[in-house]
Amino acid sequence: MGTKIVNIEKANCWINGSEYLGEVEEGSVEAKRKLLDYDGFGMNAPVKIPSGKFDAITGKLKIKITDPLTFQNINKNRGFINVKLSGKAVVFNSIQGQVQDDNISMRINGILEDVITPEFKTAEVSSKELTINVWFLEVSRNGSVILKVDVSSGEVIPQDLV
């Protein structure tokens, strides 16, 4: 299990650019440093050292679905999803420490772990839990980037996070 570097409490959620999906009741993004065994210089036991990379990053979102038509589009693109969130969150940053605000913006791109199926009942708002294998994460407050991890380019802000 990784460390929760982002905890989301209440946030509006859009998918695929601008399609409003609903409200995230709770969520998190978990990350863990990839460690390597190092055994040298006559050491009695190996020690773990950081490799400069992360293990797979996972996002979990529990969303109260308000638009069933938008929800139907969630499985397009073979599970690739582009999520935008805006609302209350707590973010860990190795420079600023713990940042908490009611106006935090996030972008999460990745692959949905499960094939999501709608289960709507008449006059009832449904909640769904999404697990996203994160390729890209950007968290900002007032336009300033607090945390960014781009797996494909290797960009990490702050750099000393890995």
Exercise. Does R107 come within less than 4.0 Å of E138, counting only side-chain N to carboxylate O?
Worked result: yes
Problem set entry | Linked, directly or transitively: I157 and M106 (ILVMFWY side chains, under 4.5 Å) | no
Problem set entry | Donor-acceptor side-chain pairing of S18 and N16 below 3.5 angstrom | no
Problem set entry | Under 3.5 Å donor-acceptor, D101 side chain and N103 backbone | yes
Seminar exercise, completed: Apart from F80 itself, its cluster of hydrophobic side chains linked below 4.5 Å comprises I111, W135
Seminar exercise, completed: Rounded to the nearest 0.5 angstrom, the CG-CD distance for L21 and E19 is 9.0 Å
For this session: Measure the shortest side-chain to side-chain distance between L85 and V24 over non-hydrogen atoms and say whether it is less than 4.5 angstrom.
Result: yes
Problem set entry | Single-linkage hydrophobic cluster, 4.5 Å side-chain cutoff, F136 and I5 together | no
Exercise. If we only count heavy atoms from C-beta on, is the I57 to V149 side-chain gap below 4.5 Å?
Worked result: yes
Exercise. Should I15 and N82 count as side-chain neighbours, where that means a heavy-atom distance under 4.5 Å?
Worked result: no
Problem set entry | ILVMFWY network linking L36 to Y38, side-chain heavy atoms under 4.5 angstrom | yes
Problem set entry | ILVMFWY network linking L147 to V90, side-chain heavy atoms under 4.5 angstrom | no
Exercise. Counting only N and O atoms by type, is there a donor-acceptor contact under 3.5 Å from the side chain of S105 to the main-chain atoms of S86?
Worked result: no
Problem set entry | Non-hydrogen atoms of I8 and S28 that approach each other most closely | CD1-N, 4.3 Å
Problem set entry | Spacing of OG1 belonging to T131 relative to NZ belonging to K60, to within rounding of 0.5 Å | 4.0 Å
For this session: Check each of V6, V139, I132 against I108 using the side chain to side chain contact (heavy atoms under 4.5 Å, CB included) test, and report the only one that passes.
Result: I132
Exercise. Between K48 and D37, is there a salt bridge with N-O shorter than 4.0 Å?
Worked result: yes
Exercise. Looking at CD1 of I104 and CD of E9, how far apart are the two atoms once the value is rounded to the nearest 0.5 Å?
Worked result: 10.0 Å
For this session: Determine, using the 4.5 Å side-chain heavy-atom cutoff (strictly less than), whether V29 and V99 are members of one ILVMFWY cluster.
Result: yes
Problem set entry | Nearest-0.5 Å distance, OG of residue S127 to CD1 of residue I65 | 7.5 Å
For this session: Rounded to the nearest 0.5 Å, what's the gap from NZ on K128 to CG on L61? Could you check?
Result: 14.0 Å
Exercise. Salt bridge check: are K10 and E25 linked by an N-O gap of less than 4.0 Å?
Worked result: no
Seminar exercise, completed: The reported gap from CG in L130 to NZ in K62 (rounded to nearest 0.5 angstrom) is 12.0 Å
